[in-house]
Number of protein chains: 2
Amino acid sequence: MDTLTKKQKRILEFIEKYTKDNSYPPTLKDIALKFQITIGTIQDHIFALQRKGYLERKKDKARGFKIIKTTDGIDKPHGVDMGMIPLYGKVAAGEPIFANDNINGYVVFEKNARGHNIHFALEVTGESMIDSGIYDGDIVIVRKQEQADDGDIVIALLDDEATVKKLRRNNIKAYLEASNSKYKAIMNRPFKIIGKVIELRRKYDLLQKQML
Amino acid sequence: MDTLTKKQKRILEFIEKYTKDNSYPPTLKDIALKFQITIGTIQDHIFALQRKGYLERKKDKARGFKIIKTTDGIDKPHGVDMGMIPLYGKVAAGEPIFANDNINGYVVFEKNARGHNIHFALEVTGESMIDSGIYDGDIVIVRKQEQADDGDIVIALLDDEATVKKLRRNNIKAYLEASNSKYKAIMNRPFKIIGKVIELRRKYDLLQKQML
DNA sequence: AAAGTATCCATATATAAATATGGGTAGAAT
DNA sequence: ATTCTACCCATATTTATATATGGATACTTT
């Protein structure tokens, strides 16, 4: 593996950071200004980065950089569709969940290439799904849909309140089931499915201890 | 909320997709070519997108676009540092875990602004942590470190094999503990901590129906 | 000693790309 | 009827940006 010099590494890092900050890559001149050297010199460095396989660029295209390997030598995965989905907060009964002012944060999420679905995230409260390994404080990622199969974990509206439960359905009827022996199934109340849980996330270590 | 026309929406979506595909935003001409209309017209559309608060751009800068609200009207979070971390596969005893050819995939991950730590992901095999809500097939995200506190869930090397366990330590000694009553603690074997589990992920909906 | 590589400079030129200007039509809103 | 907005055209001009060229020094490798 072709390894980078310090200068090359710093330039590659700058391109990455600039792109992240501005949403578009730098020009040769931007880089030259940053490092207080001339464009001609930057040309040399860029050429080296290309030769060593860290950077690609399109001829004659402004800001036409594409990083293909990071400074630690790890290939950048390509064609991965990642984005942010909103994390909605709890809502009092009757209020709309999907309101812009009910967004408590965002969660990074890798979209399944195919689906053109809409996703969102919710924080789980309570212990009712503990036997399915879903704990209080966990975050679930949900695909919006109004139908689901027997056994799916779903977000349902019960009395205008969003809740996480397991969907049960047979030929006769559908109902919601908790995963905790202390709770009983919800058999005879109307509910509406608003999405299916497709992923679970649990963060440890929220207040980061200084490592000794 | 200012809502977009169909054309404006399609153009905003194109800018987003082009940027994702190429790693740099399109020029006005790129957009004009795509929609088979002239640059002058694109100027109008871009101006409308700016006026309605979906798009920002820097004057006189090539490809100087920055999307600030997506087509569904959701604000784009800014300054979030997300990237991909490698998902390593299982290794036979004695083989190095962190080899480039042992990368089985990538996982999107939001970096904690501060930390300059190195992270990676591993798939959990076995039921030994089931009482901590960590199941076979789950993915753990790990921060590389060689120290950890009592109660932390860690990745440890035991006989050159990586395993997920809970770290126990008192004044006298440190040992590894499973979270499953069928397993007993590992008291008298040497081990080495290689990282601390900071996040858990579980994907549902992967073809196979989840157990019960 | 010669060749290569990494670092740097200055400057000219070609091309990419944004901007400016002035015009047009159709339909909705006032 | 008039104004506004969304949509479209053509073309000239300015500015941003990449590229080309030819040089230099210090250092390591051959």
Side-chain angles (χ1 to χ4, degrees), chain A residues 1-19 21-69 71 73, chain B residues 1-19 21-69 71 73:
Chain A
M1 182 182 74
D2 260 320
T3 170
L4 297 183
T5 67
K6 274 181 191 172
K7 200 82 192 220
Q8 289 163 0
K9 190 174 170 188
R10 289 219 300 146
I11 288 174
L12 189 61
E13 277 164 357
F14 174 72
I15 294 174
E16 192 168 14
K17 182 172 189 330
Y18 183 104
T19 306
D21 292 344
N22 296 279
S23 82
Y24 46 82
T27 64
L28 295 180
K29 194 182 175 188
D30 291 330
I31 305 171
L33 277 173
K34 163 75 179 182
F35 291 97
Q36 293 290 304
I37 47 183
T38 63
I39 290 179
T41 306
I42 297 299
Q43 288 178 305
D44 291 341
H45 290 305
I46 295 300
F47 190 74
L49 284 168
Q50 290 179 87
R51 183 171 47 76
K52 292 185 178 179
Y54 287 76
L55 193 63
E56 263 180 14
R57 72 191 308 230
K58 289 281 167 57
K59 186 167 151 52
D60 286 323
K61 293 230 173 230
R63 306 172 190 274
F65 294 114
K66 181 170 210 166
I67 294 175
I68 54 180
K69 206 195 294 186
T71 48
Chain B
M1 179 183 79
D2 261 320
T3 170
L4 297 181
T5 67
K6 275 184 190 172
K7 200 82 193 218
Q8 289 163 0
K9 189 175 170 187
R10 288 218 301 146
I11 288 175
L12 189 61
E13 277 164 356
F14 173 72
I15 294 174
E16 192 168 14
K17 182 170 189 329
Y18 183 105
T19 306
D21 292 344
N22 296 281
S23 81
Y24 46 82
T27 64
L28 295 180
K29 194 181 175 190
D30 291 330
I31 305 171
L33 277 173
K34 163 75 181 181
F35 290 96
Q36 294 290 304
I37 46 185
T38 64
I39 290 180
T41 306
I42 298 297
Q43 288 178 304
D44 291 342
H45 289 305
I46 295 300
F47 190 74
L49 285 168
Q50 287 180 88
R51 183 171 48 76
K52 292 185 178 179
Y54 286 76
L55 193 62
E56 262 181 13
R57 73 191 307 230
K58 289 280 168 57
K59 186 168 152 51
D60 287 323
K61 292 231 173 231
R63 304 173 191 275
F65 295 114
K66 181 171 210 164
I67 294 175
I68 54 180
K69 206 195 294 188
T71 47

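All values below were derived from every heavy atom in this structure, side-chain atoms included, with hydrogens, water molecules and symmetry-related copies excluded.
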To the nearest Å, give me how far apart [atom1] ([X]) and [atom2] ([N]) are.
X	N	atom1	atom2	result
A:Ile31	C:dT7	CD1	P	14 Å
A:Phe47	C:dC8	CZ	P	17 Å
B:Arg63	C:dT19	CZ	P	14 Å
B:Ile39	C:dT21	CD1	P	17 Å
B:Phe65	C:dA17	CZ	P	11 Å
A:Gln36	C:dT7	CD	P	17 Å
A:Tyr24	C:dA17	OH	P	15 Å
B:Asp30	C:dA18	CG	C1'	13 Å

Heavy-atom side-chain proximity of [X] to [Y] below 4.5 angstrom:
X	Y	result
A:Leu4	A:Tyr54	yes
A:Phe35	A:Arg10	yes
A:Glu16	A:Leu12	no
B:Ile42	B:Lys34	no
B:Ile15	B:Ile46	yes

Within the 4.0 Å heavy-atom criterion, would you say [X] contacts the bases, only the backbone, or no part of the nucleic acid?
X	result
A:Lys9	nothing
A:Leu28	base
A:Gln8	sugar-phosphate
A:Lys52	sugar-phosphate
B:Thr41	base
B:Asp44	base
B:Thr38	base

Phosphate contact ([N] OP1 or OP2) by [X] side-chain N/O below 4.0 Å:
X	N	value
B:Arg57	C:dT19	yes
A:Thr5	C:dT5	no
A:Lys7	C:dC8	yes

Query raised in the report: Is there a donor-acceptor pair under 3.5 Å between the side chain of A:Lys66 and the backbone N or O of A:Lys58?
Result: no
Query raised in the report: Is the backbone of A:Phe65 close enough, under 3.5 Å, to the side chain of B:Ser23 for a donor and an acceptor to pair up by distance?
Result: yes
Query raised in the report: First and last nucleotide of DNA chain D touching chain B, 5' to 3', heavy-atom cut-off 4.0 Å?
Result: D:dA6 to D:dT17
Report task. Mind checking salt bridge (charged side-chain N to carboxylate O under 4.0 Å, His left out) for B:Asp30 and listing every partner two or more places apart, or none if nothing turns up? Result -> B:Arg63
Requested in this report: Evaluate whether atom NZ of A:Lys9 has more than 12 neighbouring non-hydrogen atoms of other residues, nucleotides or ligands under 6.0 angstrom away.
Outcome: no
Report summary line: the helix from C:dA1-D:dT30 to C:dT30-D:dA1: angle between terminal helix axes, five bp per end, to the nearest 10 degrees, reads 30°
Query raised in the report: Of B:Thr71, B:Leu49, B:Leu55, which is the lone residue that meets side-chain contact (heavy atoms from CB on, under 4.5 Å) with B:Gln8?
Result: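 Result: among B:Thr71, B:Leu49, B:Leu55, B:Leu49 is the only option passing the side-chain contact (heavy atoms from CB on, under 4.5 Å) with B:Gln8.
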Query - Along DNA chain D (nearest heavy atom to each residue), the more 5'-positioned of B:Arg51 and B:Asp60 - result: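 The residue whose closest nucleotide sits nearer the 5' end is B:Arg51.
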Query raised in the report: For B:Ala62 and B:His45, take the nucleotide of DNA chain D holding the closest heavy atom to each; which residue's nucleotide lies nearer the 5' end?
Result: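 The 5'-side residue here is B:His45.
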